Structures are given as structure tokens and as C-alpha cells.
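Every value quoted in this text rests on a predicted model; they were computed, and no experiment measured them. Throughout, protein chains are lettered first and strands after them, A, B, ... in sequence-line order, and every chain is numbered starting at 1.
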Protein chains: 2
Amino acid sequence: MKQEQRNTGLDREAVVRKLREHGITPTQQRVDIATVLFERPQHVCADQVLAQVNAVESLVSKATVYNTLGLFAKKGLVREVLVDPTRLFYDSNMIPHHHMYHSDSGMLEDVAPGQVQLGALPEAPEGMVIEGVDVVIRVRRI
Amino acid sequence: MKQEQRNTGLDREAVVRKLREHGITPTQQRVDIATVLFERPQHVCADQVLAQVNAVESLVSKATVYNTLGLFAKKGLVREVLVDPTRLFYDSNMIPHHHMYHSDSGMLEDVAPGQVQLGALPEAPEGMVIEGVDVVIRVRRI
DNA sequence: TTCTGTGCTAGACTTTGTCTAAACGCAATT
DNA sequence: AATTGCGTTTAGACAAAGTCTAGCACAGAA
């Protein structure tokens, strides 16, 4: 029984299983990155992941962080979130939900899907599928 | 009666009026940029505006295009659209509507607001206002 | 005319993210 | 044990979008 394991985080074994389930070969670096991501549901950009993974000692390169986040997003392990025009965020919470973006501070919160009520969506054009629907509620100080 | 005026576009006078209505001093450059934007409802990024404004002869600098688009967005003349992680788009159609984004091609279409049916929105936190709600339907080739 | 403020500009700079070419690691084969 | 092959990782060069700076132009006020 490890004492130091993070409250909501997955242990290494669970992370490896998760990667395998999504058809991703679990390498050292990928597991390190995934461990950071799934420590808790969060919104992070590549820079933050890079810093967190290499907090103790330098283990993973910039290129690998970018490649891996892209791979994870493609394989449906995390979700890209577009709210800040200067950088791409990744959301480690894959349960369907929306976002509230504080444009002053850059803070990003989750909004439960029940709070928005999306009605009938238009159909995707011939030969296309809906990849996802992003709802972002932008708020700012009065 | 000018013969060469664009079909749906505003003439110079109308553009000047529009700028004034939004509290923007109508300078040469701002009118040039606005004329391009309101030639028709469209989604453009700064680079495209720069190219279009300077199509015939170089009239407006890069810095001015960026500053002006930022100003227009702040004053509610155009709307920022975040769909492409590498650049910011501006939508010259201010009638409320949503977007469908073709992630393969980068194409961006309008979706009439009636086609989505957004129900009750969550309230903005204390001391904050909802600036806007962006709904983006991402589609891709099967 | 001088002063002041707003706007414009070229070009340097910053930041995020991508690309490239080489090296690594590991497993299967000889 | 040595060889081959393939996927992965890496440092560092690079690209692209956007911002910043410092100076110039111009208009209106004093």
C-alpha cells in the first residue's frame, strides 16, 4: 500500500492499462505524461505538462510532449480545448461537458452538460461526421 | 451611381457611419480594413485582411491590421472566432449564429441559431457577465 | 508656432508549436 | 552474440502568428 499516492490520481499500472485500452504503446515518457494529466481532471497546455513532467529531473523533451499530447488527443484519451488564441489546452476530463472561460484571467472551468441543454444539432454534411460540439461560455468582470 | 460597387458590400460612407456608431474614429486605414471585412459576411484571419487591404498597393501595415482587428472586436464590430489553434479568425457577421468547422480543410461555415437550440445557460459568477457563448460543431471526413 | 495626443509604421522580438536528422531501444532473426 | 528493422525520443533549428518599441506624421489646442 503506497502512502504517497495522489488522492484522485491513477497509479502507474492503471495508466499503462488506460494507454493500452486506447491502442497506445505505453512507453516510459508516455506513461509519465499521462500520469501528470490524470493526476486529476484538469486543463493544461503543453508548456505546463513539460514543466510538471520534468519538475524533479529532466526526463521528457519538448518534442515528445507535443507529439504525445497530439497522439493522446487523436486516440481520444484527452480533449483539445480552444479558448486561448495563443495556445492549445488539453482537458483530461473526457466525460462530456462544456466550458466557462474567464477571459480576464484565462481561467477555464467545467460546466456540467445538464446546465446547458443543447437541442437538436444540424446534421453533418454528406460524407462527414460530427467529431464533437464545443460550447464555451465566455465571461468577464463587469 | 457607381457601377463597380460590390453586391452586398457597404460603400465608404456607410463604413464611416458604422465606425462612428461604434465609437471608432474613422481613419483611412480603419475604413480600408472595415471595407474589406464588410464586403460580405465572412471569416478572415489577420493575414488575409492584410493581403486583401494591400492587394493593389501597400497601404496598411501589419501592426495596424492587428491593432485594428483587436479594436473592432473590442468595440463589437466583429467577433473573434476560435477554431484553428494556429490563428484567430474574425467574423464580420454579428447576427447571432453558431459555427461548423471542417477540421480537415479548415473551412468554417455559419449555422443558423435556430438549428441548435441552446437551453438555459448557467448564470455568470458574482461580479461577472456573459460576454458570449460560442458553439462550434466540429466535423470531419468519414 | 509650439505643444499634445492619437494613430501609423518598420522591424525587432516573443511565443507556441513543428520539423529534421540522428540516436536510441527493443524485439525478432540470423 | 551480432544484425536488422521499426517505432520512439531527442536537441536544436525552424516557422508562423502575433506583440512590442521607438520614432514619425498629423491634427487640434494654446
Given atom CG of A:L69 and atom C1' of D:dT8, what is their separation to the nearest angstrom? 16 Å

Using a 4.0 Å heavy-atom cut-off, does B:L59 contact any base of the nucleic acid, only the sugar-phosphate backbone, or nothing at all? sugar-phosphate

State whether the side chain of B:S92 and the backbone N or O of B:Q42 hold a donor-acceptor pair below 3.5 Å, judged by distance alone. yes

Using atom CD1 of A:I33 as one end and atom P of D:dT8 as the other, report the distance to the nearest whole Å. 13 Å

Please determine if A:D32 and A:R12 form a salt bridge, counting it only when a charged side-chain N lies under 4.0 Å from a carboxylate O. yes

Measuring to OP1 and OP2 of D:dT9, would you say a side-chain N or O of A:R30 lies under 4.0 angstrom away? yes

Between B:D91 and B:H97, is there a side-chain donor-acceptor contact under 3.5 Å, judged purely by atom types and distance? yes

Comparing nearest nucleotides in DNA chain C, the 5'-proximal residue of the pair B:S58, A:N67 is B:S58

Tell me if the CD atom of A:E21 is crowded by more than 12 foreign heavy atoms within 6.0 Å. yes

Rounded distance in Å - CG (B:L82) to P (D:dA17): 15 Å

After noting the C-alpha distance and the side-chain angles of B:R87 and B:D47, does the key distance pass the salt bridge (charged side-chain N to carboxylate O under 4.0 Å, His left out) rule? CA-CA 9 Å; B:R87 56 182 163 218; B:D47 255 35; 6.0 Å; no

A:E80 CD - C:dG17 C1' separation (whole Å): 12 Å

Quick note, A:D47 side chain, CB onward, closest among C:dG17, C:dT9, C:dT16 is C:dT16

Taking 4.0 angstrom as the limit, do B:D11 and B:R17 come out as a salt bridge? no

Could you work out which one of C:dT16, D:dT19, C:dA10 sits closest to the side chain of A:R87? C:dT16

Any N or O donor-acceptor pair linking the side chain of A:K62 to the base of C:dG17 at under 3.5 Å? yes

Would you please confirm or rule out a distance under 4.0 Å between OP1 or OP2 of D:dT10 and any side-chain N or O of A:T64? yes

Residue-phosphate contact under 4.0 Å: B:Y66 side-chain N/O, D:dT19 OP1/OP2: no

So if I take residues 18-29 of chain A and measure heavy-atom distances to DNA chain D, which residues fall below 4.0 Å? A:T25, A:T27, A:Q29

Separation of D:dG12 atom C1' from A:L50 atom CG, nearest Å, is 14 Å

Taken to the nearest whole Å, CG/A:L88 to P/C:dT15 is 18 Å

State, without any angle test, whether B:D110 and B:H43 hold a side-chain donor-acceptor pair at a distance under 3.5 Å. yes

